[in-house]
Amino acid sequence: MTRGVTGFNGAALRSARLGTKCEKHAHPLTAACLARKVGTSKALILSYEHGRSSPSPQRLAQLAAAVGVPAASLMTRDTQLSDLRVASGLTVSDLAARLGIAVNTYRRIERDGVMPRRRPGVIWDLADVLRVDYSRLRMALHRIPAVQKRWWAAATVLKDVTDRAVNPGPFAPVEDTSTQAQLLATLFRARAATVSQLMNIYLTELRQLASQLAQAKARLDFTTSTRWMNRPGFGRDLRLWL
Ligand SMILES: [Zn+2]
């Protein structure tokens with residue numbers, strides 16, 4: 001038996017089914033009629049809808065066709081790219097062929113979230129073929145463990161640099177030969193010079209913001225510490241000194 005797809009959304013199947021008319025009986029599609037359409041039992045349809053079991057990729061494709069929605073809309077939002085592909089009933093080589101890229105190039109997208117540089121628009125084609133919207137696809141890409149690992153590593157590097165940048169005092173710009181720039185460049189397959197340039201723009205803005213914030217805080221502290229001046233009688237006393 002084929003393993004069911006991960007991230008199947010039974011409630012979405014149910015609502016799509018109830019929104020579909022049965023061609024035979026002219027009433028909302030019942031579980032029994034849907035079962036007949038895809039060649040299975042009513043019990044199994046109900047078990048899908050109640051989240052007790054998950055359909056195989058092939059069955060999911062049949063169900064989606066029977067209720068007239070894209071397979072991806074019968075999946076939960078926490079799906080990875082591989083789930084979306086499987087839900088569409090496409091193999092890795094099918095999808096690579098549809099996109100006009102090498103199988104290994106597609107594998108790198110699905111496994112590592114790495115887009116081929118020669119086909120910058122491939123993500124749009126991918127959304128098209130999988131019949132999902134762009135934001136949904138972006139989310140699926142962000143759920144790839146390799147991508148999450150990369151962002152985590154980047155966040156760690158950036159936090160370190162940021163912490164040093166917001167401290168008052170001299171700050172040396174990030175050199176493209178620095179460990180941080182090199183690491184980020186590797187993670188995002190960009191040039192270290194581009195990375196350090198972007199980081200320095202960002203860090204300069206951040207330093208300005210931090211210094212404005214420190215000034216505002218100093219003003220606030222001053223106001224708070226001088227609040228006693230507003231006590232009744234203080235003005236009068238002050239006038240005596242002036
Ligand atoms: Zn019917």
Side-chain angles (χ1 to χ4, degrees), residues 1-103 105-111 113 115 119 121-145 147-148:
M1 192 189 134
T2 340
R3 198 174 62 91
V5 291
T6 46
F8 173 72
N9 183 350
L13 174 64
R14 187 180 184 80
S15 77
R17 170 171 70 76
L18 294 174
T20 311
K21 252 202 178 126
C22 176
E23 295 138 11
K24 221 166 155 187
H25 305 111
H27 55 57
L29 193 62
T30 61
C33 292
L34 177 57
R36 205 161 34 238
K37 272 180 98 168
V38 301
T40 185
S41 67
K42 175 187 170 185
L44 195 52
I45 295 290
L46 292 175
S47 136
Y48 294 150
E49 290 185 357
H50 293 119
R52 285 194 299 270
S53 61
S54 193
S56 67
Q58 295 79 3
R59 171 67 46 75
L60 177 60
Q62 294 173 327
L63 291 168
V67 296
V69 297
S73 72
L74 300 181
M75 311 282 287
T76 52
R77 306 290 300 185
D78 58 352
T79 43
Q80 288 181 35
L81 175 57
S82 52
D83 300 322
L84 293 178
R85 171 181 57 76
V86 168
S88 308
L90 296 169
T91 64
V92 167
S93 21
D94 289 340
L95 194 46
R98 294 276 288 274
L99 296 171
I101 55 177
V103 172
T105 308
Y106 175 73
R107 279 220 177 88
R108 289 173 53 108
I109 300 179
E110 188 171 296
R111 191 191 52 215
M115 294 295 150
R119 281 282 302 279
V122 79
I123 189 164
W124 298 100
D125 299 339
L126 190 54
D128 243 27
V129 174
L130 295 173
R131 297 177 66 198
V132 293
D133 57 42
Y134 178 72
S135 65
R136 179 81 192 272
L137 181 57
R138 291 271 311 191
M139 269 174 60
L141 287 167
H142 276 279
R143 291 194 189 276
I144 298 172
V147 174
Q148 292 190 335

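In listed order, ligands and their atoms are each counted from 1. We use all heavy atoms of the structure for the numbers below, so side chains are in, but hydrogens, waters and symmetry mates are not.
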Quiz item: So, Ser88 side chain and Leu84 main chain: donor-acceptor pair closer than 3.5 Å or not?
Solution: yes
Quiz item: Can you say whether the rings of Phe8 and Tyr48 are parallel (under 30°), tilted (30 to 60°) or perpendicular (over 60°)?
Solution: perpendicular
Quiz item: So, are Arg98 and Asp125 salt-bridged, with charged N and O less than 4.0 Å apart?
Solution: no
Quiz item: If you draw a sphere of radius 2.8 Å around the Zn ion (ligand 1), how many protein N/O/S atoms end up strictly inside it?
Solution: 3
Practice problem: Kindly say whether Leu90 contributes a backbone atom to a donor-acceptor pair with the side chain of Arg85 at under 3.5 angstrom? | Solution: yes
Quiz item: Backbone N or O of Ser41 within a donor-acceptor pair of the Arg36 side chain at under 3.5 Å?
Solution: no
Self-check item: Short side-chain to backbone donor-acceptor contact, Thr76 and Gly7, under 3.5 Å
Solution: yes
